[in-house]
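First comes the structure, then the notes that go with it.
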Amino acid sequence: RSSDLVGQLTEYVKILSRLCGVQILCLLNVKNFLSEEEIQQLYDIALYQKLHLLLIEAQETRQLDREGIYIIDKDMCLIHK
């Protein structure tokens, strides 16, 4: 269930930030498993914890608030949307 996943990710973000001092967390294909609302929740908790999120996705999705989208093509060209 996605609600369980967002809860677990929220706790994980808190632990990494508070106990381990992590400042950047990289997550792969998380948008395949969470709704836009849940992604926003994750962004809110990361912002509160002063932790930056880097989401690496296999496919382009709709851009949400507070997101910057960068595409790296097969020739290693960087495209900023």
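- Annotation: side chain of Gln23 is not in contact with side chain of Lys50 (no heavy-atom distance under 4.5 Å).
- Leu5 and Leu42 fall within the same hydrophobic cluster, where Ile, Leu, Val, Met, Phe, Trp and Tyr residues are linked whenever their side-chain heavy atoms come under 4.5 Å apart, directly or through other members.
- At a threshold of 4.5 Å between side-chain heavy atoms, the hydrophobic network of Ile, Leu, Val, Met, Phe, Trp and Tyr places Leu53 and Phe33 in one connected group.
- Atom CG of Leu16 sits about 12.5 Å away from atom CD1 of Ile24, to the nearest 0.5 Å.
- Distance check, rounded to the nearest 0.5 Å: CD of Glu67 to CG of Leu55 gives 6.5 Å.
- Side-chain contact between Leu27 and Leu25 is present, with at least one heavy-atom pair separated by less than 4.5 Å.
- In this structure the side chain of Tyr43 never reaches within 4.5 angstrom of the side chain of Leu47, judged on heavy atoms.
- The closest donor-acceptor contact from the side chain of Ser17 to the backbone of Leu51 lies at 3.5 Å or more, if one exists at all.
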Pair Ile69-Ile79, side-chain contact (heavy atoms from CB on, under 4.5 Å): steps then yes or no: CA-CA 8 Å; Ile69 294 181; Ile79 302 163; over 6 Å; no

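- Around the CD atom of Glu57, the shell of radius 6.0 Å holds more than 12 heavy atoms that belong to other residues, nucleotides or ligands.
- Hydrophobic cluster membership of Tyr70, counting Ile, Leu, Val, Met, Phe, Trp and Tyr whose side-chain heavy atoms lie under 4.5 Å apart directly or via other members: Ile72, Met76, Leu78.
- Taking CD of Gln40 as the reference point, atom CD1 of Ile45 lies at 13.5 Å (rounded to 0.5 Å).
- Gln49 contributes atom CD, which lies 10.5 Å from atom CD1 of Ile15 (distance to the nearest 0.5 angstrom).
- Linking Ile, Leu, Val, Met, Phe, Trp and Tyr whenever their side-chain heavy atoms come within less than 4.5 Å puts Val30 and Tyr12 in one cluster.
- Two residues are said to be in side-chain contact when any heavy atoms from C-beta on lie closer than 4.5 Å; Gln41 and Leu34 fail this criterion.
- In this structure a side-chain-to-backbone donor-acceptor pair under 3.5 Å is present from Asp73 to Asp75.
- Interatomic distance, Leu64 CG to Glu37 CD, rounded to the nearest 0.5 Å: 11.5 Å.
- For the pair Thr10 (side chain) and Val6 (backbone), a donor-acceptor distance under 3.5 Å is present.
- When every heavy atom of Val13 is checked against every heavy atom of Ala46, the shortest pair comes out as CG1-CA, 4.2 Å.
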Verdict with reasoning, Ile56 to Asn29, per side-chain contact (heavy atoms from CB on, under 4.5 Å): CA-CA 6 Å; Ile56 299 176; Asn29 293 318; over 6 Å; no

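- Panel note: side chain Glu38, backbone Ser35; a donor-acceptor pair is recorded below 3.5 Å.
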Verdict with reasoning, Glu36 to Lys31, per salt bridge (Lys or Arg N to Asp or Glu O under 4.0 Å): CA-CA 8 Å; Glu36 289 182 5; Lys31 286 188 170 185; over 6 Å; no

